[in-house]
Structures are given as C-alpha cells and as structure tokens.
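What follows is a short report on a single structure.
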Amino acid sequence: MNNVEKSRGNLLLEFFSEEIPARMQLNSEIQLQNLFVKSLTQRDIAFESFKTFSGPRHLSIIIKSIELEQKDHEIEKKGPRFDANQKAIDGFLKSNQLKIDETIIKETNNGKFYFHSQMVKGQKTYEILPEIISEIVNGFVWPKSQRWANTDLKWARPLRNIVLLLNDDVVKGKVEIGKNVFLNFNNFTFSHRYNDKKIVINKIENYEQLLEENFVTLDRNKRLDKIVNDSSSLLDKEKLKLVNDNSLLEEVVGLVEYPNILIGSISKEFMKLPREVLSTAMRVHQKYFSITDKENNLVSKFLFVANSIKEKERDFRVIEGNERVLKARLSDASYFFENDIANTFENWNEKLKYVLFYESLGSLNDKIIRMANISKIFAEEFGVKSELAKQAAILSKADLVSEMVMEFPELQGIMGGHYAKIKNEHEEVTKAIIEHYKPKGISDNLPETKLGSLLSMVDKIDTLVGFFSIKKKPTGSKDPFALRRNSFSIVQILINFKINLSLNELLEPSLKEYGCSSQSIKQNLIDFMIDKLKYIFSNKNNRIDVVNSVLNTTIVNDIPIKIISRRIDSIIKFTKNNDFKIFLANYKRINNILKSEKFSNNAVFQVNKKLFETIEEQNIYKLSNSFSKEIIKKGICEKSQDTLINYLIKMNEPISLFFDNVIVNHYDYNIRINRLNLLKNLHNSISKFSIFHLIED
Amino acid sequence: MSVYNSFQKIITSLQSFWIDQGCVLLQPYDLEVGAGTFHPATVLRVLGPDPIWKAAYVQPCRRPTDGRYGENPNRLQHYYQFQVIIQPSPEDIQNLYLESLKFIGLNPKDHDIRFVEDDWESPTLGASGLGWEIWCDGMEISQFTYFQQVGGIEVKPVASEITYGLERLAMFIQKIENVYDLDWDGIDKKKGGKTYGDIFLQQEKEFSKYNFEKSQTSSLFKQFNDAETECKNLLHDKKNILALPAYHQCIKASHIFNLLDARGVISVSERQSYILRVRNMARSSCLAWMGKLNE
C-alpha cells in the first residue's frame, strides 16, 4: 500500500477477454459503468468521475478520486412483529446477542416490528473491492454468452484476465468463475497480438498511453476518429469520398484494436454489376466501405480497416489478399447475375409455387396472385393503371428465388427491379418492385412512387390478413411475423397518399381472397388497425383525445382514412374557438345527463312529438334530424368537415335555450322519458361525427 | 511452388503440430458427412466419458447443393476440413491456433488476422456454440467454436473446436484464385506433379451431375427411412444398446437428407420435419453414448 496517508485515490478495472463481438462492446461499456456505480453507491463510497473504454479484448473503467474508506454507516436489522410470541422475540435477541433494551419498535407498512440498529465502522475500499468486482462480474448480462473449460460463469467470450488497481497498487483478491476456478486480480494486461506482450501497469494515469504504445487504442471514439480522419485524408487528395455508412463504421471500430486504413482496387470487369450488388457484397461479407467520386458514382476502389500497424510491405500484402477475396466474391456475384439474367420471371414464379409463404397460407405464388387481385381493386384510388398494378404484384416476389437474392437476401426487391428493367418491364413497375419492401420501420422512408406504395400496402395487407385469418395475431411482446410493423406501414401509406378508402374497403378484398368470412377476425383486424391509426395520428398532432374522439365513433370502419385525418385536423383547429368550447360544454352536459340517467346505451329511441310542450323541444328535434342528414350528405366529403363543425356550433343557442327553459326531470314520467330520448337522439347523431366528450377542455 | 506449402504438406504440418499439442491423430470417419464435426470423435467424445479429450483429423466433407459441375473456382461439393477438438478448452487455445498458422508458413505478424463473431449451430445435430470465423487479410480461413451443446445436451467441460477449411487456406497460402489450380504435392507438373484439379475435377463434374440430376429419389427416401428404423432398433433393446452403430445410422440419414435436398424434392414444410427426425436420431444416440437414454 501507499505509505502516504490519503483519503482518495484512483481505480482501474479491466476485463481482458478473447474477442468480444463488435455489436456488444458499446453496451458492455455502459453496463460496466452502471454496475460499478451502483455497487459503490450502495456501499456509500463516493467518487469524482469515471471513464470507460471498450474494444475487441479490453473492457475497462477508470474511476477518479474514489474514497479509500467507506463512510461509517448504520445497519438495521428487522426482528419479529411487536406482538409476536415471546419465543420468537427471544430467538431474535439470542441470535443477534442483544438485550431487549438494545432494540427499538418501529412502525412499518405491515405493522410494528422490533428493530436493532448498529453503527458500523466503514471498511477500507481496498477490502470491499473483491466483493464489488464479483458482484459486477456476476451481474453482467450479455445478449449472448458462453461458458468455457470448467467455468460456470457466462461471458460473451472467455474472460482471461482481470486488472484491478487502487492507488496504483494491485488489489489482492480473486473472482470465482467456476467450481474451484478463479481469476486473480493482476497489475498486467496484454498488448496487440502483433507484439504479443504482457504489459505491467505501474501507474493508472499511464494506462491509456501504455497500451497505445503497444498498439491498442482503448478509446473507441479515438479509433472512430482515426478511421474517419485517415479515410478522408486518403480520399480527399483524389477527390473521392466514402459512402456514408454509420452502422458499418460502428462495427469496424469494434473489430480492430489499432485501425489501419487501407484502400484496395476492384477489377474493372466487375464494375458492370449493379451498384447495390457491389456494395452489398463488399459490406456484408467483407466489411468494406464503398467509395464514390464527386458525382456520387461508385469508383473501382474500396476502403477497409485492418487491425495492424502501418508498414509498407505488410500493407501491400494485406491489400493484395483482400483484393483476391473480393475478386472471388464478385466473380460469384457475376456468375449469379449472368445466370439470373438468362432466367425468366415465368420460371421464377413457377418456382415460387414450391416456396411456402406460411403453413396453410399457401405458396409465394399464391401470395402474388392474391396481391394482384387486390391491387386491381385499389389501383384507381392510388391513381395508377390497373394493368400495371397487377403486373407489379405478379413480378414482385420472383427475385426471392433468383441466385443473387438467395446469396444476398438483403437485395430482395432491388434485384427484382433490376431484372424487370433488363426484361423491359414498364419503368413504373420496376420502381415499384424496388420500393415495395419500404417502409422497413416506423422511421424508414415511404415508397416514393404511387405504384410502389400500392404494391407495398397490398403486400402488407395480404400478410396481415393472412396471419389474422389463421389466428396468429401478435400477443404481448411476441410478434414473430412483424404484423405490428406491417400495419404501421399500411397506415403511413394511407395517410401519406390521402387515400379515400375506409378500413372496411381495405380489408374486405383481402379477407375475400382468403375465403375468410368470420366477423370476429374482421373485427380483430379493424381494432388492430385502429390502434395503429391512433398511434400514428397522435404522434403527428399530440392530441390523443381528439384522435380518440374520432376513431372511437361506431361507424369509423366505414369512414375513409383521408376523411378521418381531415376531421381530426378540423376539430383540433376548432378547439381554440370560443363558440366551439361552448358547444363542447353543451355536449358534455347532455352526455352527463344521459349518463346519470343510465341512458348511455346506443339503442335508437323513438321521440314522440306529441309530447312536446315547448318550441325549444321542437328545435332540438329538428336540429338532431337535420344533422343526421347532413352527416350522411357531407360526412365523407373532405372539404365539409369544417362546415359540419360550424353546423354544430350553430346548435349552441338552441341547446342553451333548451336547458334554460325546459325541465328534463319532469314530474310526468312520459314527458321526462321523451325529453331524455330527445337528447339521446341529438347525442347519437352528433356522436357519428365525433365522441366529443373525450376531448379535454 | 515450394514443397513447403503444397496441399499435402499443409495437412502433414497441421497433423504434426497438433500431435505435439497432445492430440490423438485420427483418420477420417468412413461415411459421407457434411462437416468434420459429425465425426464421432467430436460429437460423442465431447459428451464423455473422459473429461479430457484431444483429437485432430482430416475429414472429407460433402455438401451436395454446393456442387457447381467443376465450373466455379471456389465452390465444391466435396472438400476437406482439418478438425481439432480439445476438451476442456485450453486457456491459450487462440495462441495455439495462431502458432499452428506459423507452422504452415503463415506468420500472423505478416498479415491482418481477425476474430469475427460467428456463432455456430447445427440443427440436425442439435448442437450449438459460440465463436468466430477467423479472417486472414479478409479471407475466412478457419472456424473456431466453443461447444455449448451437442444433441441438445450441455457440453461439460466446454470443448474448443477449430476447423481449418483446407482448400481456402491452401489457396491463400499459394495465392491461387482457382481451387483446381492448387498444387497438391509440390512436385513440378512436368515431373508428374498433381494439381487439385488433376485429382478432383472429374469427381466434381460427375458428382454434381449425380447430386442434382441422377440420384434415385425414391430409393433415397427409402434409405432414409431404413436408416431411421435401424437407428431406433439399435437403441431399442435396453440390454443391448448400441450407441455407436446408432449414431452411424444418424450420419447416414443426414447425408441422404442432403442428397434429397439437392434434388429439390423436399418442400419447405417437409424440410423442418426431416431435420427434426435426424436431430432425434442424434439426440438418442448421444444419450445412449452417455448411458442416459432411459433416464
């Protein structure tokens, strides 16, 4: 131990393991920090700050100015209940070697209990650390982990060494990782495999520098910066640039300890391959970056990051090796491309007959036929030719059995589009095939073309309805067929293109294709879709109350999405209008009366005009009927939504007069019921437009 | 081309390296298998009875669907793996592997060596493990796996498996772009030296034709059922459980399934059930090997 009396010092903990998968590293850094901070806080050990590092093999944390001694603290022991029998109380006293006057009685949520509290002298941090490290090691959660040799501990890959220094001294101790298998705390770690050295760390402040000198850049941000900076300095002088690919960059940062940025060449013969094929072949298997010129054309070069020290001869050899690998990959790709071009869509579709879409939902060929049938129905609404819609659907899945997509599944759609173009299909069709897997998530871009959007929507409706029809709707967090994502995509497309179709109109054709006539399945689908509509709308306008008021109306399945969207917007616009606020208050008053009279079910009530005693009653009656007619006439006209709200506002005066001059709670039972029926009818007719009491004031 | 890095020299160097590490040097298993892992020396031995097991062997592998009639420079339906299985996994196993590369003329210091995440799973064997593919200058030259499960049974202690793809490795070392140009024996062509193509091109052509066009599927279906029945029979009689012959039938069935697959006669929905049938054979054989079949 250090001779100098100090109350605070620095700490270094490093887990050295075999290569941790790149995708897990950043999270492990965060986890290490959280677990350590939690362990220290629980034990009342203060510190000033920390810094973490992660790479393929080194995962570490430096904690600055940590207290070398734990604060004195109180430990409280809970005994038996206050009214427990004497035996239990004696037992508690005996096992803790206490006298009764050393206990106190305290009130808890569960009643009064005996307690004993004791001041405990703070321990030395040095002595507590082994326990903390063991807590961290055992508390670590990896997305995927393994045992090795005789260990019981699971780590992403075998954990080989632990560095633990406090105040530059190694902490004595070990962690048990299996039955009688231990890892001791050490003061050394290991260098890059290139010089393969044991590195003794004498001072924590030198840790980062020492490893840097031994070709390990511990800080992932520094590795990232190096890759970015070296790439641009290499490319800038040739007026080239890297194709932006952040997730690849993140991955590569986790694959190297000492980044060495190198550029290789692609044989010219391969440059005739579609750009996506080139970049996918490079990216997926080889983790290479694509390079473009200023005009954004792919050039016959690639950039990659080696895990090595710059040295001309070796770099040359490494580049040559990588070029050879890429050449083999690309000659495979060319071979697939040429075979595919020689093939036909008819042939592929024939093959689709033998590819199952899903058990009892038929083959992929069945799917495209269903899609084609539905596409024709919706084509007009999307403003595309029905023939093209059909053709796009028929060709949409062929590439799934092409050789290229079998090899690179991420090229689905893209290859179909390329091949359709080569076969001289209509340009709109080729674009639609390329786009129809979009949007891939709630934040992904929508297809740009109308035909692409139609195809995408129809594909997803077919999937959604199919799985619902065989009772495979998502439950809880389980959604193996991505039906939630699919339905979000459908909704986004509907809203984006202001589609004039109701949920019923959207789902009916597909249900028919599956021969599904179950009302409960249809209702499940509608509820599912409404849920997604609510989410998307309220995300856009932040007025979940208004969204609910419109989407909870009973006839919502028959209202075109375009109108729903417009109605929500209109109501939101009016919520600031004073007359509208009065209308809202009136509606809520009516709603409350009906509710307190238990009149809130939806049956239609016959109003008996002969029982009217006042002009106000007659006015309300007229209003109610005329609004019912109005909403039939104008309810599904996009431009009339404001008009309808204005119509409602005009009811303010007659309603106020009604409440001023008419007693609903009349002593004559028949009159009272008739007046309630009158209000109920008005309420019903307004509620076809929106359930206004859901809107907050 | 020097004698040092001919195809056969690579094999003998790897053999002598791993013999020096205390491995039992075995010969290939005498059945068609899809990977060196299928050898009973791996599948069964990692389940016991001895907690220490070290073995190395070459294993010819057959993947009927990878056949390209000898026309593709990188794909073969028959190729060689060099397999090392060590249980329990040694602490310095990665270094041992890197040392072995030096032995075959590939000094890691002269190259860019990377351990890239690649978890392994064999649905037919009910086996899985975590590990890496090992890259040398961007080329995958080996597969490294820490066995966690075999036959659905936990492997304890954990074994480490290293699989060298011999053709890939030799192509890298010899800087060859077409597998058929590989130098097999290090002897000059004029003096009767042989390339990989001299030895295997005709085989690739004929077997591709057999795998894709000529195999009798009706007979294969029958063979599959026969192997399955035989496997069950061998495990049926509680007094005479024969784990090794039962596993032998499992390997047979697995290859027959691959042949049927190459003919494209197994539909997607049937596929899963065939895989399951092989897996059940593997699992029962493994349990029988451990003497736990009837527990």
Side-chain angles (χ1 to χ4, degrees), chain A residues 18-24 56-57 144-152 156-158 160 178 193-196 254-256 260 262 264 285-288 304-308 311 313-315 317-329 331-332 335 351 354-359 363, chain B residues 51 68 71-75 86-95 98 108-119 128-132 134-140 144-148 154-160 168 171-172 175-179 264-265 267-272:
Chain A
E18 296 180 0
E19 281 79 353
I20 303 278
R23 65 190 167 96
M24 302 178 189
R57 298 189 297 163
K144 234 178 172 185
S145 57
Q146 62 158 102
R147 296 173 289 114
W148 63 98
N150 285 299
T151 66
D152 295 318
R157 290 295 182 276
R160 295 299 184 194
R193 287 192 195 281
Y194 172 71
N195 56 348
D196 202 16
L255 285 173
V256 295
N260 181 12
L262 299 172
H285 293 299
Q286 300 301 133
K287 328 263 186 224
Y288 298 159
F304 67 104
V305 185
N307 182 29
S308 61
E311 185 203 276
E313 218 176 300
R314 179 175 45 234
D315 288 353
R317 199 180 301 121
V318 172
I319 291 171
E320 198 187 55
N322 278 279
E323 285 173 347
R324 231 178 10 238
V325 179
L326 184 61
K327 196 171 170 191
R329 291 263 183 219
S331 40
D332 263 4
Y335 175 82
K351 275 193 178 173
Y354 303 96
V355 182
L356 207 61
F357 168 47
Y358 190 78
E359 236 167 292
S363 68
Chain B
R68 292 290 184 272
E71 286 164 15
N72 185 298
N74 301 299
R75 285 192 197 218
I86 302 186
Q87 182 186 39
S89 62
E91 203 167 319
D92 59 345
I93 184 68
Q94 281 186 309
N95 283 333
L98 294 170
K109 289 192 181 192
D110 296 337
H111 297 276
D112 175 30
I113 305 280
R114 229 89 69 74
F115 290 77
V116 182
E117 175 186 20
D118 188 29
D119 300 336
S128 64
L130 268 58
W132 311 273
I134 298 157
W135 289 11
C136 181
D137 300 346
M139 165 84 98
E140 182 196 339
F144 194 118
T145 307
Y146 286 101
F147 270 32
Q148 305 290 301
E154 292 278 292
V155 176
K156 268 187 171 178
V158 171
S160 53
R168 286 263 194 101
M171 282 169 80
F172 186 87
K175 300 191 178 179
I176 290 286
E177 289 179 6
N178 187 328
V179 65
V265 290
S267 75
V268 183
S269 50
E270 288 169 325
R271 214 185 135 76
Q272 201 52 36

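All values derive from a computational prediction rather than experimental measurement. Throughout, protein chains are lettered first and strands after them, A, B, ... in sequence-line order, and every chain is numbered starting at 1.
- T145(B) contributes atom OG1, which lies 8.5 Å from atom CG of L130(B) (distance to the nearest 0.5 angstrom).
- Contact of N95(B) with chain A is made through the side chain alone, with heavy-atom distances under 4.5 Å.
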Could you go through W132(B) and F144(B), starting from their C-alpha distance and side-chain angles, then the distance that decides it, and tell me whether this counts as ring-ring contact (aromatic ring centres under 6.0 Å, His included)? CA-CA 5 Å; W132(B) 311 273; F144(B) 194 118; 5.2 Å; yes
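- D110(B) touches chain A through backbone and side chain together, each having a heavy atom under 4.5 Å away.
- Both the backbone and the side chain of K144(A) have a heavy atom closer than 4.5 Å to some heavy atom of chain B.
- For D315(A), no part lies near chain B; criterion is any non-hydrogen pair under 4.5 Å.
- The heavy-atom pair separating M24(A) from A156(A) by the smallest distance is SD-CB, 3.9 Å.
- Residue P51(B) does not touch chain A at all, counting heavy-atom pairs closer than 4.5 Å.
- Chain B forms the most heavy-atom pairs under 4.5 Å with one residue out of V325(A), L326(A), L262(A), N195(A), and that residue is V325(A).
- If you measure heavy-atom distances from E177(B) to chain A, the contacts under 4.5 Å come from the side chain alone.
- Residue with the most contacts toward chain B among S363(A), A328(A), P21(A): P21(A) (heavy-atom pairs, distance under 4.5 Å).
- Side chain to side chain, Y288(A) and N322(A) meet the donor-acceptor criterion of an N or O pair below 3.5 Å.
- Note on M139(B), R75(B), R68(B), E71(B): by heavy-atom pairs under 4.5 Å with chain A, the leading option is R75(B).
- The pair E154(B)-R147(A) meets the salt-bridge criterion, with a side-chain N (NZ, NE, NH1 or NH2) lying under 4.0 Å from an Asp/Glu carboxylate O.
- Interface remark: R168(B) contributes no atoms to any contact with chain A (heavy atom separation under 4.5 Å).
- With chain A as partner, the option from A159(B), P157(B), P88(B) having the largest number of non-hydrogen pairs under 4.5 angstrom is P157(B).
- Of the possible donor and acceptor atoms, one in the side chain of S89(B) sits under 3.5 Å from a partner among the backbone N and O of A149(A).
- For R23(A) and E117(B), the salt-bridge test passes: some basic side-chain N is under 4.0 Å from an acidic carboxylate O.
- Of the charged side-chain nitrogens involved, none lies within less than 4.0 Å of a carboxylate oxygen, so that D137(B) and R317(A) do not count as a salt-bridged pair.
- Under the 3.5 Å distance criterion, with hydrogens and angles disregarded, no donor-acceptor pair is assigned to the side chains of S308(A) and D112(B).
- With a 4.5 angstrom heavy-atom cutoff, L98(B) touches chain A only via side-chain atoms.
- When heavy atoms are compared at a cutoff of 4.5 Å, S145(A) approaches chain B solely by way of its backbone atoms N, CA, C and O.
- Contact tally against chain B (heavy-atom pairs below 4.5 Å) for T151(A), L255(A), I20(A): the top residue is L255(A).
- Heavy-atom distances place the side chain of R157(A), and not its backbone, under 4.5 Å from chain B.
- F147(B) does not touch chain A: none of its heavy atoms, backbone or side chain, sits under 4.5 Å away.
- Under the 4.5 Å side-chain criterion, counting only non-hydrogen atoms from C-beta, V158(B) is in contact with Q148(B).
- Residues D196(A) and K109(B) are not paired through a salt bridge, judged by the lack of any N-O separation under 4.0 Å between the basic side chain and the carboxylate.
- With 3.5 Å as the limit, one finds no donor-acceptor pair spanning the side chains of N307(A) and N260(A).
- Both the backbone and the side chain of Y194(A) have a heavy atom closer than 4.5 Å to some heavy atom of chain B.
- No other option in E311(A), R329(A), E18(A) has as many heavy-atom pairs under 4.5 Å with chain B as E18(A).
- Using a 4.5 Å cut-off between heavy atoms, E313(A) makes no contact with chain B at all.
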